[in-house]
Amino acid sequence: MAENQITGAGITFENVGKAFPQKGGGTVNALENVSLTVEPGTITGIIGRSGAGKSTLLRMVNGLEQPTSGTVTVAGHDVGRAGAAELRRIRRDVGMIFQHFNLLSSRTVYENVALPLEIAGTPAREIKGRVDDLVARVGLEQLAKRYPAELSGGQKQRVGIARALATQPKVLLSDEATSALDPETTQTVLDLLADINRDLGLTILLITHEMAVVRDIASHVAVIDGGRIVEQGATYDIFTAPQHATTRSFLSGVTGVTLPRFIADQMSATRPTGPAREVIRITFVGENATDPLLARMSEELGLQVNILAGAIEEIGTRPFGNLLISVDATRADEARAYLQNHDQRTEVLGYVG
Amino acid sequence: MSANLINMLMEATWQTVYMVAVATVIGAVFGIPIGVFLACSQRGELLSAPLVNKVLGVIVNATRSVPFIILVVSIIPVTRFIAGTSIGTTAAIVPLTIAAIPFIGRLVENAIREVDSGLIEAARAMGATPMQIIRKVLIPEALPGITLGLTLAVVSLIGYSAMVGAVGGEGLGDLGIRYGYQRFMPSVMLAVVVILIVMVQLVQTAGEFLARRVDKRAPRNRGR
Ligand SMILES: Nc1ncnc2c1ncn2[C@@H]1O[C@H](COP(=O)(O)OP(=O)(O)OP(=O)(O)O)[C@@H](O)[C@H]1O
Ligand SMILES: [Mg+2]
C-alpha cells in the first residue's frame, strides 16, 4: 500500500475543559485545562486510572464529545466548533478502534471493512479493491467471508483496525484497543499498529492503563489524573525520570524490577538506629546504561555494594536499566553523589537493619 | 362434514389469511418507521425530538390499552370512511391494521434498543448521518429481533381476527362462532380451532426459522 502513503495530521488541545451535567443537578469536571500537542506521525499514549478522563479526551478528537471550554484541532480544523457536515468530513480523516471492537454482527469481515466506504459514498468498484487490500494488510484474507461471531478477539480487533483505515484517515484513535486481549494477542495487535504507523505515517493517539503498551509502541506519553495532565513528554524521558507520583505508580509495574520479598518485608521508610543499609534505585540512562559503573564505584570508594535486583530494557532502540542496590547507610550519601556525578538517577527506597 | 361445510371452512381460512396478511403488511409499513423513530428520538439520541417522541408514545400506549373488541366498535365510522362499509372482510382489515401499527411499533422499538450502543458510536465515528446509521446499522443489526417481533404480531393478529366476526367481519373466528357455537356444531368448532392452531404453528416456525437465518451473532448471545 506504499502508493497510498498517508501523512499524519497533528492534533492540539488548548486549555480544554469538559464538564458533564450530573443527575440531580451540578456538573462533574471530567477534564480541566488540558493542553497537549500531538505531532503528526507520532504514536502518543495517554495513560491514567479509571475515570481520569482518558476516553473523554480521546473522543473530543473526532467530535464524539464537545469541549465545554478550550479548543481541539485536527489538521488545523477546529473540531469542537465544526458544523454537522464538516464534522462528518473530519471524521473520515480520523479512524477509531474500540476496546470491544464494535463490529456489526450482521456483516462479514469484508462487509464490516467496507462500511465506512459505503458511508462515505465511495463507488462500489473502488470499494472492492480497497477492502481487499485492507483485509490483506491485517492478515485476514482467509476469513473475509466470516462473521465476527466466528473470530477470536485478536482477529476482531484486526477487522476493527482494517475498518478504521478504510477511508485512509490521517489519525487513528485507539480507546483501550488491547484491554480485552490476552498478552500475546496484545503484542501482535501493537505490532500491527506500529507497522501501520511506520508504513502509512498516520498519527496514532492511544489510551491505555498499561505502561507496557506505552513502552512498546508510543514515542510520546501524557499521564492524566483527575482530569488534568500531570506529566507529558517523550516516553524515554518519562520512563527514566518520572516526576509525578501517578507516573511512578504506573511505572512500578513495568520497569521489571521489584525488591525480593525477604528484603521488602523488613524494609522501613526511616533509617533505623544502629547499623543499617540504604536501599537505592538507580536508573541507568543513555550510553552508561551498559557500563560497569557499579564495579568502578565499588573500587574507587572502597564500598561494598549489594545488588538486589536489576533489568535492562529498551524504549524504541534506547536502552535503560533499573538496578536496586543496598550500601552501608553511613556512606550512602557518598555513593549517591558518585552516581549522580556520572549522570545516573537515584532514588532512596528505604532502609534495612 | 358436508362438502358445503368444507367449502365454508376453506373460504373462512382464506379470509383470515387475507385479513391478517394485509393488516400485517400495512402495519409493518407504518409500524416499522414508528418503532425506529420511537427508539431513536429521545433527548440526546440520534434523531433527538423529545416532544414528538412523548406525544407519539402516548398515542401508541393509548391505542394499545384499548381492548381490541372496543377498538373495533369505536372506530366504526373510520372504518366506514376508509373501507366504504363497516362489515365484511375488507372492513375488518381497518381495525386489525390500526391495532397492528402501534403493536409492531413497540416491538420494533424494543428490537432496535437492543442494538449495542457501541455500534452507533462506531458509525458516528465513521462520519455516518443519522439516516445512514438507521439504514446500515440499526435495522440490519435489529433484524433478528424485528423478525421475531413481526412473528409475534402475526400470531396476535390471527387471534384478533377471530374477534372481528363479532361485529360482522368474516373468517375462521366468525365461522366458529356462528356455526360451532350458535348452531351448536362441535365438529365445525373443532375444525376451526385445529386450523387456527396449525396456522399459528406454521407462522411461529417460519418466523423462528427466518430469524435464525438472519442472526449471525454467536449462539449464546442470541436475544429472544
Ligand atoms: N456522558 C457522561 N455523562 C456524565 N459523566 C461522564 C460521561 N462520560 C464520562 N463521564 C465522567 O467523566 C469522568 C471521566 O470519564 P472517562 O470515561 O473519560 O474516564 P476514563 O479515563 O476513560 O476511564 P476508564 O479507564 O474507566 O475508561 C468520569 O468521572 C465519568 O464518570
Ligand atoms: Mg475510558
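Note on naming: letters A, B, ... go to the chains in the order of the sequence lines (proteins, then strands), and numbering restarts at 1 for each one.
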Discussion item. Could you report the tightest heavy-atom contact between A/S105 and B/R217, atom names first, then the distance?
Written reply: OG-CG, 3.4 Å
Item to complete: Sort out for me which of A/E118, A/M96, A/H100 touches chain B most, counting heavy-atom pairs under 4.5 Å.
Response: A/E118
Discussion item. Would you compute the distance between atom OG of A/S106 and atom CD1 of B/I139 and round it to the nearest 0.5 angstrom?
Written reply: 11.5 Å
Response to the item:
Residues B/A125 and A/F98: closest non-hydrogen pair is CB-CZ, 4.5 Å
Fill in: Under 3.5 Å: donor-acceptor pair, side chain of A/N102, backbone of B/L119
no
Fill in: Heavy atoms of other groups near B/F30 CZ, more than 12 under 6.0 Å
no
Discussion item. Would you say that more than 12 heavy atoms from the other residues, nucleotides or ligands in this model lie under 6.0 Å from the CD of B/E11, or not?
Written reply: no
Fill in: Flag if over 12 foreign heavy atoms under 6.0 Å of CG, B/L202
yes
Worksheet item: Of all of B/I133, B/T129, B/V214, which one pairs up most often with chain A through heavy atoms under 4.5 Å apart?
Response: B/T129
Discussion item. I'd like to know whether CZ of A/F20 has more than 12 heavy-atom contacts from other residues, nucleotides or ligands below 6.0 angstrom.
Written reply: yes
Fill in: Test item: A/R88 side-chain N/O and B/A128 main-chain N/O as donor-acceptor pair under 3.5 Å
no
Worksheet item: What part of B/Q132 gets closer than 4.5 Å to chain A, counting heavy atoms only: side chain, backbone, both or neither?
Response: side chain
Discussion item. Can you tell me if A/Q142 has over 12 outside heavy atoms packed within less than 6.0 Å of its CD?
Written reply: no
Fill in: Straight-line distance of A/Y147 OH to B/D215 CG, nearest 0.5 Å
11.0 Å
Practice prompt. Name the option with the most non-hydrogen atom pairs under 4.5 Å to chain B; the candidates are A/V94, A/L87, A/L103.
Written response: A/L103
Worksheet item: Using 4.0 Å as the upper bound for N to carboxylate O, is an ion pair formed by B/E121 and A/R59?
Response: yes
Fill in: Rounded distance (nearest 0.5 Å) linking atom CD of B/E141 with atom CG of A/L104
4.0 Å
Worksheet item: Just wondering, do A/R163 and B/M126 contact through their side chains at under 4.5 Å, heavy atoms?
Response: yes
